[in-house]
Amino acid sequence: KAGVTQTPRYLIKTRGQQVTLSCSPISGHRSVSWYQQTPGQGLQFLFEYFSETQRNKGNFPGRFSGRQFSNSRSEMNVSTLELGDSALYLCASSPDGQGSGYTFGSGTRLTVV
Amino acid sequence: GDSVTQMEGPVTLSEEAFLTINCTYTATGYPSLFWYVQYPGEGLQLLLKATKADDKGSNKGFEATYRKETTSFHLEKGSVQVSDSAVYFCALSENSGNTPLVFGKGTRLSVIA
């Protein structure tokens, strides 16, 4: 069974640009969550989507947004990039959003220059 | 809100040494507890979990016991190997409702031959 697939693996963007990251969950999983990982702040929850609806949201500015499609694939978008947005962005899927079922992807490494 | 505190690293051990990584938590309800491991350049992998008080999670020689009275979930391994070198994250998720995983800051373990 395929795991959680995140694309691209690496990305370099310039300040002020916008970026879209993609996550394909495990087949049958309806919940997709996004986390930002930085050396200073550790792993911080961005948002969770379940059946195309945002169900939980972390404490991030409105520049961070996401969506989920009917096939459960999810995208997150960051607009007006700042240097501080440089991070590893991890996606996790689960059948129902309960903590015990999460499977993480390998992440997208975003570097803002 | 919920939080997880784990010992600061890095931790450096010789091969076959005993490992303990401390983790304590604060939660409003009755959480499930997890240990995740992150190898260089990879996402997070679930190492073990426990869903209620006094449960012991175990995997690959690692163990952790859910201690409600001390709100702890310390990770232990009797004899570490070089291949155990990684970053270890303690995490919780409330069992009631759909709440995201809350992570500790992570502990980097280096095992030298």
Side-chain angles (χ1 to χ4, degrees), chain A residues 2-10 21 23-26 29-51 53-60 66 68 87-109, chain B residues 1-10 21 23 25 27-52 55-59 64 66 73 86-108:
Chain A
V4 178
T5 303
Q6 290 189 245
T7 55
R9 284 296 307 270
Y10 301 93
L21 313 180
C23 172
S24 294
I26 289 173
H29 285 194
R30 294 195 292 165
S31 168
V32 173
S33 296
W34 289 89
Y35 290 81
Q36 182 196 64
Q37 185 178 23
T38 59
Q41 299 299 316
L43 281 151
Q44 294 186 284
F45 172 72
L46 280 155
F47 27 65
E48 184 224 354
Y49 287 86
F50 183 83
S51 294
T53 301
Q54 187 181 85
R55 193 160 64 172
N56 280 304
K57 188 176 188 308
N59 190 25
F60 277 81
Q68 187 179 34
L88 180 67
Y89 290 87
L90 291 166
C91 164
S93 77
S94 78
D96 52 11
Q98 296 298 316
S100 59
Y102 283 111
T103 302
F104 281 81
S106 297
T108 294
R109 172 77 61 186
Chain B
D2 294 354
S3 65
V4 174
T5 303
Q6 60 183 107
M7 62 188 286
E8 298 281 333
I21 302 178
C23 170
Y25 67 90
T28 52
Y30 302 95
S32 291
L33 302 174
F34 309 86
W35 277 101
Y36 282 86
V37 59
Q38 185 175 36
Y39 298 101
E42 312 233 339
L44 302 177
Q45 298 176 25
L46 178 64
L47 182 59
L48 54 84
K49 67 181 182 185
T51 58
K52 61 182 187 299
D55 269 2
K56 177 185 282 190
S58 61
N59 186 27
Y66 189 144
F73 192 55
V87 181
Y88 292 82
F89 292 91
C90 185
L92 69 80
S93 176
E94 292 281 2
N95 281 326
S96 61
N98 302 301
T99 57
L101 285 165
V102 175
F103 288 91
K105 294 282 192 185
T107 303
R108 181 175 299 279

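The model shown is predicted, which means the values in this text are computed figures rather than measured ones.
Residues that satisfy the side-chain hydrogen bond (donor to acceptor under 3.5 Å, both in side chains) test with A:W34, not counting sequence neighbours, are A:S74. With sequence neighbours left out, A:Y49 forms a side-chain hydrogen bond (donor to acceptor under 3.5 Å, both in side chains) with A:Q54.
Counting non-hydrogen atoms of neighbouring residues, nucleotides and ligands closer than 6.0 angstrom, the NZ atom of B:K52 reaches no more than 12 such neighbours.
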>> As a quick check of understanding, evaluate side chain to side chain contact (heavy atoms under 4.5 Å, CB included) for A:L88 and B:Q38, giving each step before the final call.
In response: CA-CA 12 Å; A:L88 180 67; B:Q38 185 175 36; 3.7 Å; yes
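Separation of the B:Y36 and A:F104 ring centroids falls under the 6.0 Å cut-off.
Side-chain N or O atoms of A:Y35 include one that pairs as donor or acceptor with a backbone N or O of B:L101 at under 3.5 Å.
With a 4.5 Å cut-off on non-hydrogen atoms, A:R9 touches chain B through its side chain but not through its backbone. Looking at A:Q37, only its side chain comes within 4.5 Å of chain B, counting heavy atoms on both sides.
Here the closest non-hydrogen pair linking B:G43 and A:L90 is CA-CD2, 3.9 Å.
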